[in-house]
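Numbering of ligands and ligand atoms starts at 1, following listing order. Position 1 is the first residue of the sequence, and the numbers go up from there.
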Amino acid sequence: MKKKILVTGGLGYIGSHTCVELINKGFEVVIVDNLSNSEASALDGIAKIAGERPTFYEFDLLDAEALDKLFKFEKLDGIIHFAASKAVGESVEKPRLYYRNNLQTLLNLLDNMVKYDVQNIVFSSSCTVYGQPDILPVTEQTPVQAALSPYGNTKQICEEILRDTVKAEDNVKAIALRYFNPVGAHDSALIGELPLGVPQNLMPFITQTGIGMRKELSVFGSDYDTKDGTCIRDYIHVVDLANAHIVALNRMIGKKQKAKYEFFNVGTGTGSTVLEVINSFEKTSGEKLNYKIVDRREGDIEKIYADTTFSNKELGWSSEKNLDDMTSSAWKWQVALREKQATEA
Ligand code: UD1
């Protein structure tokens, strides 16, 4: 019997890639997504790549009645919880929206896990919980710092909710994955990131500039204390990240956890500057990128990258793809999107 996994936000960027890897590894996938930051067409992409169409429920996880019905009907073996609001700037403008969306939805899931005895949940957390760390690279022992935004705070509180819930509920177990910077797309270019409006993140801004949708990329600051003065991040290919979820899930299902609540860094361990990302993009795409250096962006962290020793050893997971794989797949996806839009027009 295939294990049945509920993927919340399964049509989103990381969710859709994870659904593909789940199906590839023999899981049955059920998706719930309210399409607030995703498109139903991602379902076709998943089905084409994986050769199997997941069951799809379109509703909001705040709808407790609909969620209860889903749990009653689908006999789930685990949950991977991606669905959340994720724009840092917007979270500052609309904090209550973020607290409601990100905290209440997790609580609704946990209520149903207890009620229907679903034991395993993988939670989508973020390296944002570390703020600007004093010592690099960042291990899981690096202290969590006061969040810089309501969005970041929701990730911290969700981790605490999980930690407290597994203590109180005998059958619930959880793993939080603290992602560094997910980028790139599936090699088939059938699924990828679909940013709403003007992208705030570096990679989609680069590819949209490369394709002519944006005039130029602003590089935020060149006077940081780094090798070329631009900020350093640990970019991770979204397919590598997707695979970390399957490894985490199997660890819970296989009862290999050392504690009922665990958390792992999911990065490559390599830091890249903004200019290194641009260089890689220019190399793999063959396009010259139009960019200029501007002032620093408020709230940006100078440098952060992961120590992946613990996830490599303990989780048995490691990243396989390098920066060129990330920029080339992101570009391939952007080109495929343009062709798709041209056909639809
Ligand atoms: C942002 C979010 C973080 C989230 C992460 C991954 C903030 C404060 N943090 O972090 O919570 O987990 O995305 O989705 O927004 N850059 C430019 N020009 C641009 C865009 C970005 O130079 O137009 C630079 C930034 O200054 C930064 C790097 O590129 O140095 C990466 O930026 P971004 O993709 O926004 O990710 P983070 O800042 O790491």
*Can you find a side-chain donor-acceptor pair between Ser328 and Asp324 that sits under 3.5 Å?*
no
_Suppose we screen for side chain to side chain donor-acceptor pair (under 3.5 Å). Which residues come up paired with Lys4, at least two apart in sequence or across chains?_
Glu74
_Non-neighbouring partners of Glu282 that pass side-chain contact (heavy atoms from CB on, under 4.5 Å), sequence neighbours left out_ = Ile278, Asn279, Lys288, Leu289
*With sequence neighbours excluded, tell me which residues meet side chain to side chain donor-acceptor pair (under 3.5 Å) with Glu193.*
none
*Do the side chain of Asn102 and the main chain of Thr154 share a donor and acceptor less than 3.5 angstrom apart?*
no
*Can you name the residues that come within less than 4.0 Å of ligand 1, going by heavy atoms only?*
Val88, Ser126, Thr128, Tyr151, Asn181, Gln200, Asn201, Leu202, Leu217, Ser218, Val219, Phe220, Cys231, Arg233, Tyr235, Val274, Arg297, Asp300
*Donor + acceptor pair across side chains of Thr327, Thr284 (<3.5 Å)*: yes
